[in-house]
A.B. asks: 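Structure incoming, see below.
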Amino acid sequence: MAHRLLVRRLCTLSVKDIRCLPTSTTTTSSSFSTSLQSATPRLSFLAPSRTLPRTSWRTVSFNVQDHEDFTERVVNSELPVLVDFHAQWCGPCKILGPRLEKAVAKQKGRIAMAKVDIDDHTDLAIEYGVSAVPTVIAMRGGDVIDQFVGIKDDDQLDSFVSKLIGQ
């Protein structure tokens with residue numbers, strides 16, 4: 001991956017991106033010492049020429065590590081929490097996950113989202129009665145407020161999230 005990025009960066013360089021050693025204005029007897037005395041800083045051609053926009057919606061969710069982590073970060077959370085029970089092999093889960101993250105990101109920190117892989121945490125799936133994936137459970141104060149199974153469109157997800165935070 002790093003090699004591809006380096007090759008892409010090298011291939012897209014323009015003449016202005018490549019900085020040669022600056023010529024020195026001082027006169028000395030040795031050309032070797034002249035090139036070493038240059039004090040002008042050079043820009044690295046490997047430095048990114050532009051910054052990528054940072055999206056905050058990628059940081060609104062977290063993966064549950066174990067039952068204790070679930071209890072600490074979901075059940076004992078002061079914020080309402082959407083719990084996404086999913087599986088790696090589930091196609092609809094891969095569609096619903098980013099949509100849920102977008103809906104949660106729109107709330108700007110008023111809600112959290114936990115992701116639970118049912119293959120890794122079957123005990124949690126059984127405890128909360130998950131029989132199919134994707135299953136999304138809305139929790140507030142450790143209590144289950146609402147839930148749904150399957151894919152919803154963006155408007156339905158927004159209204160589900162708004163209902164959880166009480167709007």
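By convention here, the first residue in the shown sequence is residue 1. What you see is a predicted model, and the numbers here were worked out from it, not measured in a lab.
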A.B. asks: Do Arg140 side-chain atoms and Ile145 backbone N/O form a donor-acceptor pair below 3.5 Å?
C.D. replies: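 Here the side-chain-to-backbone pair does not exist.
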A.B. asks: If we only count heavy atoms from C-beta on, is the Val81 to Val75 side-chain gap below 4.5 Å?
C.D. replies: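 Not in contact.
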A.B. asks: Looking only at non-hydrogen atoms, find the nearest pair between Asp117 and Ala87 and report the distance.
C.D. replies: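 Closest heavy-atom pair between Asp117 and Ala87: OD1-CA, 3.9 Å.
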A.B. asks: Would you give the length of the straight line joining atom CD of Gln88 to atom SG of Cys93, rounded to the nearest 0.5 angstrom?
C.D. replies: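 Here the rounded value is 9.0 Å.
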A.B. asks: Do Val144 and Val149 land in one hydrophobic cluster if side-chain heavy atoms of ILVMFWY residues count as linked below 4.5 Å?
C.D. replies: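 As far as the 4.5 Å side-chain criterion goes, Val149 and Val144 are not connected within one cluster.
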A.B. asks: Looking at residues at least two apart in the chain, or sitting in another chain, which of them share a salt bridge (charged side-chain N to carboxylate O under 4.0 Å, His left out) with Asp123?
C.D. replies: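 Asp123 satisfies salt bridge (charged side-chain N to carboxylate O under 4.0 Å, His left out) with no residue once adjacent residues are dropped.
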A.B. asks: Do Ile165 and Gln107 come close enough that some side-chain heavy atom pair is under 4.5 Å?
C.D. replies: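 Yes, at least one pair of side-chain atoms sits under 4.5 Å.
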A.B. asks: Kindly give the heavy-atom pair with the smallest separation between Asp84 and Gly97, and that separation in Å.
C.D. replies: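 It is OD2-CA, 4.2 Å.
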A.B. asks: Would you indicate whether the side-chain heavy atoms of Val116 and Val83 approach each other to under 4.5 Å?
C.D. replies: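 A side-chain contact under 4.5 Å exists here.
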A.B. asks: Would you mind listing every salt bridge (charged side-chain N to carboxylate O under 4.0 Å, His left out) that reaches into residues 64-73, with sequence neighbours excluded?
C.D. replies: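 Sorted result for residues 64-73: Asp69-Arg73.
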A.B. asks: Taking only residues at least two apart or on different chains, which pairs with a member in residues 95-116 satisfy ring-ring contact (aromatic ring centres under 6.0 Å, His included)?
C.D. replies: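 Every pair satisfying ring-ring contact (aromatic ring centres under 6.0 Å, His included) with a residue in residues 95-116: there are none.
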A.B. asks: Which residues pass the salt bridge (charged side-chain N to carboxylate O under 4.0 Å, His left out) test with Lys106, not counting sequence neighbours?
C.D. replies: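 Scan of Lys106 (salt bridge (charged side-chain N to carboxylate O under 4.0 Å, His left out), adjacent residues dropped) gives Asp158.
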A.B. asks: Return the CD1 to SG distance between Ile118 and Cys90, rounded to the nearest 0.5 Å.
C.D. replies: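 Between atom CD1 of Ile118 and atom SG of Cys90 there are 8.0 Å.
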A.B. asks: Going by heavy atoms in the side chains, are Met139 and Val74 under 4.5 Å from each other?
C.D. replies: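 Answer yes - side chains close enough.
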A.B. asks: CD1/Ile137 to CG/Leu82 distance, rounded to the nearest 0.5 angstrom?
C.D. replies: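 Between atom CD1 of Ile137 and atom CG of Leu82 there are 10.5 Å.
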A.B. asks: Can you name the side-chain contact (heavy atoms from CB on, under 4.5 Å) partners of Ile151, sequence neighbours left out?
C.D. replies: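 Ile151: side-chain contact (heavy atoms from CB on, under 4.5 Å) contacts with Pro92, Ile95, Arg99.
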A.B. asks: Applying ring-ring contact (aromatic ring centres under 6.0 Å, His included) as the test, list every pair that has at least one member in residues 141-160; sequence neighbours left out.
C.D. replies: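 Non-adjacent pairs meeting ring-ring contact (aromatic ring centres under 6.0 Å, His included): Phe148-Phe160.
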A.B. asks: Quick one, Lys163 with Asp146, criterion salt bridge (charged side-chain N to carboxylate O under 4.0 Å, His left out). Give me CA distance, side-chain angles, the key distance, then yes/no.
C.D. replies: CA-CA 9 Å; Lys163 182 170 62 172; Asp146 200 1; 2.5 Å; yes
A.B. asks: Tell me, please, which residues at least two apart from Lys115 pass side-chain hydrogen bond (donor to acceptor under 3.5 Å, both in side chains).
C.D. replies: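 With sequence neighbours excluded, Lys115 shows a side-chain hydrogen bond (donor to acceptor under 3.5 Å, both in side chains) to Glu101, given in chain and number order.
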A.B. asks: For residues 90-126, which residue pairs qualify under ring-ring contact (aromatic ring centres under 6.0 Å, His included), counting only residues two or more places apart or in two chains?
C.D. replies: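 Found none.
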A.B. asks: Applying side-chain contact (heavy atoms from CB on, under 4.5 Å), name anything that partners Glu78, two or more places apart in sequence or on another chain.
C.D. replies: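 Testing Glu78 for side-chain contact (heavy atoms from CB on, under 4.5 Å), a comparison that skips the adjacent residues, returns none.
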A.B. asks: With sequence neighbours left out, write down each residue that passes side-chain contact (heavy atoms from CB on, under 4.5 Å) with Asp155, or none if nothing qualifies.
C.D. replies: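 Applying side-chain contact (heavy atoms from CB on, under 4.5 Å) to Asp155 gives Asp153.
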A.B. asks: Could you tell me which residues satisfy salt bridge (charged side-chain N to carboxylate O under 4.0 Å, His left out) with Asp119, sequence neighbours excluded, listed by chain and number?
C.D. replies: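 Listed in chain order: nothing, the list is empty.
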A.B. asks: Mind listing the side-chain donor-acceptor pairs of residues 124-132 below 3.5 Å, one per line with the distance, residues two or more places apart or on another chain?
C.D. replies:
residue : atom : partner : partner atom : Å
Glu127  : OE1  : His67   : NE2          : 2.9

A.B. asks: For the residue pair Ala112 and Val104, what are the closest heavy atoms and their distance?
C.D. replies: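 The answer is C-CG1, 4.5 Å.
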